[in-house]
Colleague: 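Before I ask anything, let me first share the structure, which is written out below as C-alpha cells.
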Amino acid sequence: MDAYELLTRNAEEVVTDDEVRDLAEEPEGKRAYVGYEPSGVLHLGHLLTANKLIDLQEAGLEVVILLADAHAYLNEKGSLEEIRATAEQMKAQFLAYGLDEDRTEFVYGSTFQFDEEYTRDLHTLEQATTMNRAQRAMAEIQGDETAKVSHLVYPLMQTLDIEYLDLDLAVGGLDQRKVHMLAREKLPELDYEVRPAIHTPILADLTTGEGKMSSSEGITISMEDSTDDLEEKVNSAYCPPTRDPEPDDEGNERENPVLELFEYHVFPRFDEVVVERPEKYGGDLTYEDYEGLAADLESGELHPADAKGTLATYLDELIAPGREKLRELRD
Ligand code: IYR
C-alpha cells in the first residue's frame with residue numbers, strides 16, 4: 001500500500017486532498033497528531049484514531065499524542081492531578097495496543113499551554129473569534145452543553161496546539177472537524193500556516209445501529225472488557241444481513257455496526273480473518289478484505305451469528321495486551 005493510501009484509507013474526510021497528497025510525497029519525518037482528553041480506559045472510539053496513527057507510522061510519519069489535560073480540566077473532568085494520573089494509564093494502553101514506541105511522542109498539553117507566548121496568542125485568537133463561531137466549533141464535541149466560557153476557550157486552544165506542536169497533519173474523529181476548520185481559518189490571521197486534517201468516521205451504536213457509539217450511552221467496548229464481556233456485547237449487536245439496513249419505524253438511519261467494526265477495527269489490523277465453522281456448516285471461511293466478508297454476509301453464505309462470534313474473537317485479540325497492562329497498573 002503506498003503512503004497516500006495508508007494516510008487516507010478508512011478516512012471519512014480529508015481536508016484537503018491536495019495537501020495530503022503533497023504530504024504523502026515525502027512522509028518521512030513529518031509529524032501528525034491526535035489529542036485526547038485523558039480517561040483511564042481506552043474504548044473503541046480512541047482505538048479508531050489509533051488505527052490511523054498506526055497507518056501513519058507505517059507510512060513513515062512521526063506521531064504525537066497530545067494528552068489534553070488542560071482541555072479535560074476546561075471540560076470539568078477533575079483536578080489536573082487526577083487527570084494526569086489517568087493520562088499515564090492511557091499512555092501505557094496506547095503502547096500496548098501497537099503504536100511504535102520509538103516513533104510516538106506523548107506530550108501533556110499543560111507543558112506548553114500555560115506558557116506566556118501561547119497565552120498571548122490565545123488572547124489574540126479570542127479577539128479574532130466570535131462567541132457564536134467558537135460555540136459552533138465545540139458543539140459536536142460537547143453536545144448541547146456549551147454554555148460556559150471554558151467551552152469557548154477550548155476550541156481556540158485546540159487550534160493553537162496545531163501550531164505549537166509543530167505539526168504537519170491533524171487527525172481526529174469527524175466530531176473534531178469544526179475545530180480543524182476554525183484552525184484553517186484563524187491560524188493565518190496570526191501568520192501561522194494552515195495544516196491538513198484527516199477525519200475518521202463516527203461509528204454507530206452497537207445495539208441499534210443508530211446514531212453514534214459513545215462511552216456515555218449505550219454499549220461501548222473498552223480495554224477493560226473480559227473475553228466474556230466482549231462475547232456478550234457483540235452477541236447483542238444489531239446485525240441484519242446487509243450493509244445498508246432500512247431506517248427504523250421512526251425514520252432513523254441505521255448502519256450495520258458489526259460490519260463497521262470489521263471494516264474499521266479488524267481488517268486494518270489483521271492480514272486475514274478466519275471464520276471457524278464445523279464441516280457440517282460448510283467449514284472455515286477465510287477473508288483477506290472487508291469486501292469479501294460483507295458480500296458473504298449479504299448473500300447468506302456467512303451467518304450473522306458466525307460473523308459476531310468471529311468479531312468478538314478478533315476484538316479480544318486486539319484489546320488483550322491493553323487489558324493486561326491495565327491489570328498490571330492497578331495491582
Ligand atoms: N477535542 C478532543 C481533545 C483534544 C484534541 C486535540 I487534536 C487538541 O489539540 C486538544 C484536545 C476531544 O474531543 O477529546
Side-chain angles (χ1 to χ4, degrees), residues 11-20 31-39 45 49 64-78 80 83 107-202 211-212 214-217:
E12 183 81 10
E13 181 180 61
V14 172
V15 191
T16 64
D17 189 56
D18 282 349
E19 291 168 25
V20 172
R31 286 160 63 83
Y33 99 131
V34 182
Y36 301 96
E37 288 185 35
S39 66
T49 40
V64 179
I65 292 190
L66 175 72
L67 301 165
D69 55 346
H71 281 86
Y73 185 69
L74 286 170
N75 236 346
E76 299 175 69
K77 300 281 168 67
L80 270 177
I83 292 165
V107 182
Y108 278 90
S110 59
T111 57
F112 65 94
Q113 290 161 340
F114 298 147
D115 290 354
E116 191 177 328
E117 207 190 329
Y118 185 100
T119 308
R120 216 169 339 122
D121 275 346
L122 178 60
H123 293 328
T124 310
L125 262 188
E126 288 162 2
Q127 291 175 2
T129 313
T130 62
M131 283 167 41
N132 184 286
R133 185 80 176 78
Q135 207 154 18
R136 273 193 287 134
M138 194 59 183
E140 287 280 309
I141 295 174
Q142 191 60 21
D144 296 334
E145 291 166 47
T146 52
K148 298 209 178 150
V149 174
S150 55
H151 297 139
L152 305 183
V153 174
Y154 182 118
L156 303 186
M157 287 176 63
Q158 191 167 334
T159 292
L160 279 183
D161 293 344
I162 299 175
E163 170 65 27
Y164 275 76
L165 290 168
D166 194 20
L167 301 163
D168 302 292
L169 174 69
V171 175
L174 208 56
D175 53 349
Q176 309 296 316
R177 78 180 298 275
K178 289 197 174 151
V179 178
H180 292 153
M181 293 313 198
L182 181 75
R184 290 182 75 83
E185 186 183 316
K186 298 294 176 189
L187 285 178
E189 292 185 26
L190 276 70
D191 285 332
Y192 295 142
E193 259 174 61
V194 162
R195 275 74 151 202
I198 289 176
H199 299 131
T200 55
I202 306 290
K212 38 185 181 176
S214 86
S215 49
S216 50
E217 296 155 39

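Predicted model only: the values in this text are computed from it and were never measured. All values below were derived from every heavy atom in this structure, side-chain atoms included, with hydrogens, water molecules and symmetry-related copies excluded.
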Colleague: Look at atom OH of Tyr73 and say whether more than 12 heavy atoms of other residues, nucleotides or ligands are closer to it than 6.0 Å.
Modeller: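 Not more than 12 within 6.0 Å, no.
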
Colleague: Got Asn75 and His151 here, is their nearest side-chain heavy-atom distance under 4.5 Å?
Modeller: yes

Colleague: Might you point out which heavy atoms bring Leu66 and Tyr108 nearest each other, and give the distance in Å?
Modeller: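 Answer, listing the atom of Leu66 first, then Tyr108: CD1-C, 4.3 Å.
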
Colleague: Is the shortest side-chain heavy-atom distance between Leu190 and Glu163 below 4.5 Å?
Modeller: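 Heavy-atom side-chain distance check fails, nothing below 4.5 Å.
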
Colleague: I want to check something: taking the side chain as every heavy atom from C-beta on, are Thr129 and Thr159 in contact at a cut-off of under 4.5 Å?
Modeller: no

Colleague: Ignoring hydrogens, what is the shortest heavy-atom contact between Lys186 and Ala128? Give both atom names and the distance.
Modeller: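 Looking at all heavy atoms of both residues, the shortest contact is NZ-O, 2.7 Å.
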
Colleague: So which atom in Ala134 and which in Pro155 form the shortest heavy-atom distance, rounded to 0.1 Å?
Modeller: O-CG, 3.7 Å

Colleague: Checking Asp18 now: which residues fulfil side chain to side chain donor-acceptor pair (under 3.5 Å) with it, not counting sequence neighbours?
Modeller: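 Asp18: no side chain to side chain donor-acceptor pair (under 3.5 Å) contacts found.
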
Colleague: How far does CD of Glu13 sit from CD1 of Ile198, to the nearest 0.5 angstrom?
Modeller: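 Atom-to-atom, Glu13:CD and Ile198:CD1 are 10.5 Å apart.
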
Colleague: Looking at every heavy atom in both Pro188 and Ala183, which two are closest together, and how far apart are they?
Modeller: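 Minimum heavy-atom contact is CD-O, 4.0 Å.
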
Colleague: Tell me whether Asp69 contacts the main-chain N or O of Ser110 through its side chain, where contact means a donor paired with an acceptor under 3.5 Å.
Modeller: yes

Colleague: Flag the pair Ile65 / Val34 as yes when at least one side-chain heavy-atom distance between them is below 4.5 Å, and no otherwise.
Modeller: no

Colleague: Salt-bridged, Glu19 to Arg195, with N to O below 4.0 Å?
Modeller: no

Colleague: Taking the side chain as every heavy atom from C-beta outward, state whether His180 and Gln158 have any atom pair closer than 4.5 Å.
Modeller: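 When only atoms from C-beta onward are counted, Gln158 and His180 do touch, with a gap below 4.5 Å.
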
Colleague: Atom CD in Glu12, atom NE2 in His199: separation rounded to 0.5 Å?
Modeller: 11.0 Å

Colleague: With a 4.5 Å heavy-atom cut-off, do Leu182 and Lys178 have their side chains touching?
Modeller: no

Colleague: The test is side chain to side chain contact (heavy atoms under 4.5 Å, CB included); show your working for Ile141 and Gln176 and say whether it passes.
Modeller: CA-CA 7 Å; Ile141 295 174; Gln176 309 296 316; 3.3 Å; yes

Colleague: Working to the nearest 0.5 Å, report the span between CG of Leu74 and CD of Glu37.
Modeller: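 Leu74 CG to Glu37 CD: 8.5 Å, rounded to 0.5 Å.
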
Colleague: Would you mind reporting whether Leu152 and Met138 have side-chain heavy atoms less than 4.5 Å apart?
Modeller: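 The answer is no, as the side chains (C-beta and beyond) never meet within the 4.5 Å cut-off.
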
Colleague: Which pair of non-hydrogen atoms, one from Gln113 and one from Tyr118, has the smallest distance, and what is that distance?
Modeller: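 Looking at all heavy atoms of both residues, the shortest contact is O-CD2, 3.1 Å.
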
Colleague: Would you tabulate the side-chain donor-acceptor contacts of residues 164-175 under 3.5 Å, counting partners in other chains and residues two or more places apart, or write 'none'?
Modeller:
from	atom 1	to	atom 2	distance (Å)
Tyr164	OH	Glu117	O	3.3
Tyr164	OH	Asp121	OD2	2.6
Asp168	OD2	Arg31	N	2.7

Colleague: Minimum heavy-atom separation for Asp161 and Tyr33, please, with both atom names.
Modeller: CB-OH, 3.8 Å

Colleague: State which residues pass salt bridge (charged side-chain N to carboxylate O under 4.0 Å, His left out) with Glu126; sequence neighbours excluded, sorted by chain then number.
Modeller: none

Colleague: Is the shortest heavy-atom distance from the side chain of Val14 to the side chain of Pro196 under 4.5 Å?
Modeller: no

Colleague: Assess, by modelled atom type and distance only, whether the side chains of Tyr36 and Thr49 contain a donor and an acceptor separated by less than 3.5 Å.
Modeller: yes

Colleague: Rounded to the nearest 0.5 Å, how far does OH of Tyr192 lie from CD1 of Ile162?
Modeller: 13.0 Å

Colleague: Going by an N to O cut-off under 4.0 Å, is there a salt bridge joining Glu185 and Arg133?
Modeller: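 Yes, charged N to carboxylate O under 4.0 Å.
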
